[in-house]
Number of protein chains: 2
Amino acid sequence: MVIILQDGSDVPVFKQIRNQIVVGISEGKLLPGEKLPTVRALAEEIGINSMTVNKAYQLLKQEGYIITDKRNGVRVREKFASIPELSPEAKEQLHQMVSEARIRGITRDEFVALVDEYYASSMPDGYLQGEYTPLLE
Amino acid sequence: MVIILQDGSDVPVFKQIRNQIVVGISEGKLLPGEKLPTVRALAEEIGINSMTVNKAYQLLKQEGYIITDKRNGVRVREKFASIPELSPEAKEQLHQMVSEARIRGITRDEFVALVDEYYASSMPDGYLQGEYTPLLE
DNA sequence: TCCTTTGTATTACCCATAATAATACAAACA
DNA sequence: TGTTTGTATTATTATGGGTAATACAAAGGA
């Protein structure tokens, strides 16, 4: 998968990397169990320091998206825990987003249409919870 | 309207103030044309520096939510421009949010239910675009 | 007219975080 | 025995958030 950095962004580089990998997993561009580039390889590829890549991997590891194994490198989790609730932070973020949309005059249906668009890009129900068992390599 | 600061938050204080005021406008807790506290009054009320409040007001002003008038203080905009599109940043944020929800196993319907909940808290269609003309003072 | 209140501008300082840089090390595989 | 892996360490730089202490022009009230 290709990581593309937005240079003028206020989002830190390590978080941009983390975000793009999470979207990649959700949309099947990164398969369960797939090997990610080494910290040094990815750092050189996108022209940044390897410790910044490591910081992104540390975050992904802590959040349960990937598994790091010394010598074996970094791999995408095989299965993900089903947690049928958004985090309080995410809920507040969504609340905020709806409020701003509402002031701009964006209707509920317009907002939901956008949500549907993004859900259509992601993998089908249960794909990452283990009901599908994709063959790898 | 009461501003409540989350002390352990990673969200900067000036942005917490800005966010709560935006939500307040969307949900009718702040009426169009309503006067906001002075920078010094709000600063003392929540125990922070007045320049931090000013920073929040500057942002709200630049985003078109409020109007500052020397000597007259700060007031909520009367009418808001109808812009039937989320900003690219907001879209990307929503995309990110859907991706993370998807990995957690949260379905489209569960996500939309949350959106509906927040839309139910906000004012009806067109309220802030001037079709309603609320009486003030 | 004089005083007060308003948002605003300025300057300085402290602190946390992001990012780079240069290494170093234990583990594990070929 | 290399070499590659993630990881830890230390130092340095830059940016942004927040506080602090003022200062000022504008505008309203007394």
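Proteins come first, then strands; the chains are lettered A, B, ... in the order of their sequence lines, and each starts at number 1.
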Residue pairs passing the ring pair (Phe, Tyr, Trp, His ring centres under 6.0 Å) test where at least one lies in residues 6-32 of chain B, sequence neighbours excluded:
none

B:Ser9 side chain vs B:Gln6 backbone, donor-acceptor pair below 3.5 Å:
no

Extract all donor-acceptor atom pairs below 3.5 Å that involve side chains of residues 37-54 of chain A and protein atoms in other chains or at least two apart in sequence.
unit_1, atom_1, unit_2, atom_2, d
A:Thr38, OG1, A:Ala41, N, 3.0
A:Asn49, OD1, A:Met51, N, 2.8

Quick one, give me the B/S/- string for nucleotides 9-21 of chain D, reading 5' to 3', where B means a protein heavy atom under 4.0 Å from the base and S means that only happens at the primed atoms, P, OP1 or OP2.
B-------SSSBB

Using the salt bridge (Lys or Arg N to Asp or Glu O under 4.0 Å) rule, collect all pairs that involve residues 84-96 of chain B, keeping only residues at least two apart or in two chains.
B:Glu85-B:Lys91

Salt bridge (Lys or Arg N to Asp or Glu O under 4.0 Å) pairs touching residues 46-68 of chain A, sequence neighbours excluded, are A:Arg18-A:Glu63

Under the side-chain contact (heavy atoms from CB on, under 4.5 Å) test, residues paired with A:Thr107 that sit two or more places apart:
A:Asp109, A:Glu110, B:Asp125

Residue set satisfying side-chain contact (heavy atoms from CB on, under 4.5 Å) with B:Met97, at least two apart, ordered chain then number -> A:Gln93, A:Leu94, A:Met97, B:Phe111

List in chain and number order the residues that pass side-chain contact (heavy atoms from CB on, under 4.5 Å) with A:Gln62, two or more places apart in sequence or in another chain; answer none if no residue qualifies.
A:Leu59

Taking a pair as Watson-Crick or G-U wobble with both distances under 3.5 Å, which nucleotide is matched to C:dG7?
D:dC24

Under 3.5 Å on both distances, the Watson-Crick or G-U partner of C:dC29:
none

Set of residues satisfying salt bridge (charged side-chain N to carboxylate O under 4.0 Å, His left out) with respect to A:Arg108, sequence neighbours excluded
B:Asp116

Nt span of DNA chain C in reach of chain A heavy atoms at under 4.0 Å, 5' end first, is C:dA18 to C:dC29

Pick out the pairs of N or O atoms, protein on one side and nucleotides 28-30 of chain D on the other, that lie under 3.5 Å.
none

Scan residues 48-82 of chain B for pairs that pass ring pair (Phe, Tyr, Trp, His ring centres under 6.0 Å), counting only residues two or more places apart or in two chains.
none

Quick one: on DNA chain C, does A:Lys70 or B:Arg40 contact a more 5' nucleotide (nearest heavy atom)?
B:Arg40

